[in-house]
Amino acid sequence: MYRTCGGNKQWLLMLLFFSSGCVQLNLREQNILCFLGLFFFICLQLNPRNREPLTSLLFNHSTFAFVFVTDMAGGVVQQLLRRKLHPQFINSSLLSPIIAKKDDAGSTSSRSLRAVALLGAGVSGFFGFSTMAAADEAEHGLACPSYPWPHKGILSSYDHASIRRGHQVYTEVCASCHSMSLISYRDLVGVAYTEEEVKAMAAEIEVADGPNDEGEMFTRPGKLSDRFPQPYANEAAARFANGGAYPPDLSLITKARHNGQNYVFALLTGYRDPPAGVAIREGLHYNPYFPGGAIAMPKMLNDGAVEYEDGTPATEAQMGKDVVSFLSWAAEPEMEERKLMGFKWIFVLSLALLQAAYYRRLRWSVLKSRKLVLDVVN
Amino acid sequence: MHMENLASIGIWLVQFWADEEPVDQKRYLEESCKPKCVKPLLEYQACVKRIHGDDSGQKHCTGQYFDYWFCIDKCVAPKLFTKLK
């Protein structure tokens with residue numbers, strides 16, 4: 001569930017709808033309640049500490065699902081209560097709460113229940129409204145800005161020179177701790193390097209290979225078909241070498257993080273001094289974009305850390321952009337083909353839509369141009 | 001002919017520039033965006049002054065810090081990539 005600033009107040013909305021589901025409400029009361037719920041929900045999202053109001057307003061599907069479920073649960077409870085209070089209502093299906101809610105029962109017990117429910121709704125709404133105050137924003141991390149990536153457009157391809165530089169940054173800076181175990185050397189051919197260059201690169205590493213004729217394992221120089229080498233044998237070794245923190249595999253990192261490309265770039269270039277009053281323990285470093293603020297990885301991109309082949313000045317921002325381009329390609333190598341396919345098929349389908357609309361109107365014209373004559377006999 | 005001349009001049013210029021210390025473009029833009037985000041900066045500085053004597057460890061200025069950097073990021077983001085290759 002998307003957590004709002006002000007703590008997780010979704011339970012208040014759930015309480016509101018559960019209590020409303022428990023009693024019969026006429027149409028006007030249902031209407032009022034829905035507006036009330038919506039109003040308080042919007043107020044929850046539009047508080048000044050919420051830095052992404054539009055996102056939190058639009059993307060709360062899970063909240064609405066929970067609200068619906070609790071409403072239904074309230075309906076079930078109401079049905080049970082009715083069976084207890086009025087044993088003559090034998091017809092019990094789960095659909096009857098929905099139908100029954102439309103009618104007005106009007107008995108004393110349900111009236112008092114209704115009053116209690118509405119009071120509960122008011123109270124919970126009030127509390128939801130009032131507790132919009134400051135929350136722990138460091139928990140989510142600072143929202144990252146949207147950068148104008150060269151491959152962002154609907155028909156834009158990757159900057160392959162950037163992918164090449166990014167691969168160099170990965171190999172020289174990141175590969176000592178982060179694995180990319182889903183990428184093979186052959187994936188680079190035609191994308192960032194020529195086949196000979198990749199073969200030469202692969203041959204520099206040693207790979208453990210299967211039993212030979214004598215039954216022994218042996219090491220051989222790498223081939224195109226080998227995966228990128230892993231810095232650690234397993235996760236435990238990785239954690240041990242990094243103070244308990246596991247450097248995640250980067251093969252899919254831009255897809256595995258919300259707003260991945262912007263997030264990774266902001267994270268890599270966002271190492272700053274912590275705000276006043278925040279102390280980070282020894283071994284961790286402050287990064288506002290990291291959820292919680294304390295990240296185990298130190299600042300790795302420093303000016304001049306890498307010497308680019310093509311002479312581009314290797315500033316922190318440049319290296320960040322290149323490595324994120326490389327990571328984006330690694331996570332979504334099919335992007336260019338996908339965009340081309342998308343463009344082509346959207347065009348084809350829109351033509352098909354026009355054709356279908358014409359054909360439908362052609363066939364329906366017979367019915368739509370009918371005339372009915374009422375002949376009054378008198 | 002022209003393209004080759006331009007390319008050679010370009011390479012010569014790059015070699016000339018490479019002697020200098022490359023300035024990180026993001027830092028530079030963050031500095032230049034400071035005037036645009038004076039209000040959150042002043043709020044942050046006011047917060048720092050407010051919690052100055054506090055030793056309880058409960059008070060911090062994360063909110064104002066985030067507001068300031070959010071403003072700076074919003075200013076820097078559209079301009080940064082034009083400066084990068």
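Here is how names work: the chains are called A, B, and so on, in the same order as the sequence lines, proteins then strands, and each is numbered from 1. Given the structure is predicted, the values throughout are model-derived calculations rather than measurements.
Under a cut-off of 6.0 angstrom, the local environment of NZ in B:K36 is sparse, with at most 12 non-hydrogen atoms contributed by other residues, nucleotides or ligands. A 6.0 Å sphere centred on CD of A:E334 holds more than 12 heavy atoms belonging to other residues, nucleotides or ligands. Heavy atoms from other residues, nucleotides or ligands lying under 6.0 Å from CD1 of A:I154 number 12 at most. Heavy-atom neighbours of B:Q45 CD from other residues, nucleotides or ligands within 6.0 Å: above the threshold of 12. More than 12 heavy atoms of other residues, nucleotides or ligands shown are found within 6.0 angstrom of NZ on A:K299. In A:K152, the NZ atom is crowded: over 12 heavy atoms of neighbouring residues, nucleotides or ligands sit closer than 6.0 Å.
Judged purely by atom type and a 3.5 angstrom limit, B:D24 uses its side chain to pair as donor or acceptor with the backbone of A:E316.
Remark: the B:Y65 side chain and the A:D273 side chain contain no N/O donor-acceptor pair separated by less than 3.5 Å.
For chain A, no part of B:Q58 is nearby; none of its heavy atoms comes within less than 4.5 Å. Only the side chain of A:Y286 has a heavy atom closer than 4.5 Å to any heavy atom of chain B. Contact annotation for B:V76: neither backbone nor side-chain heavy atoms come within less than 4.5 Å of a heavy atom of chain A. For B:Y44, the part lying under 4.5 angstrom from a heavy atom of chain A is the side chain only.
One distance of note links CE of A:M319 with CG of B:L84; it measures 11.5 Å at 0.5 Å rounding. A distance of 8.0 Å separates CZ of B:R27 from CG of A:D303, quoted to the nearest 0.5 Å. Interatomic distance, NZ of B:K26 versus CG of A:L301, reported as 10.5 Å (0.5 Å rounding).
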Verdict with supporting geometry, A:E137 and B:T62, side chain to side chain donor-acceptor pair (under 3.5 Å): CA-CA 7 Å; A:E137 302 155 287; B:T62 309; over 6 Å; no
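Nearest approach of A:L142 to B:W69, heavy atoms of both residues: CD2-CB, 3.8 Å. When all heavy atoms of A:S146 and B:A77 are compared, the pair lying nearest together is O-CB, 3.7 Å.
For chain B, the option among A:P288, A:P148, A:G293 with the highest count of heavy-atom pairs below 4.5 Å is A:P148. For the options A:P313, A:G277, A:P275, A:A314, heavy-atom pairs under 4.5 Å to chain B are most numerous at A:P275.
Taking the six-membered ring where the residue is Trp, the centroids of A:F265 and B:F81 are separated by under 6.0 Å.
Taking the charged nitrogens against the carboxylate oxygens, A:D322 and B:K85 have no contact shorter than 4.0 Å, which rules out a salt bridge. A salt bridge is defined here as a Lys NZ or Arg NE, NH1 or NH2 lying under 4.0 Å from an Asp or Glu carboxylate O, and A:R272 with B:D73 meets this definition.
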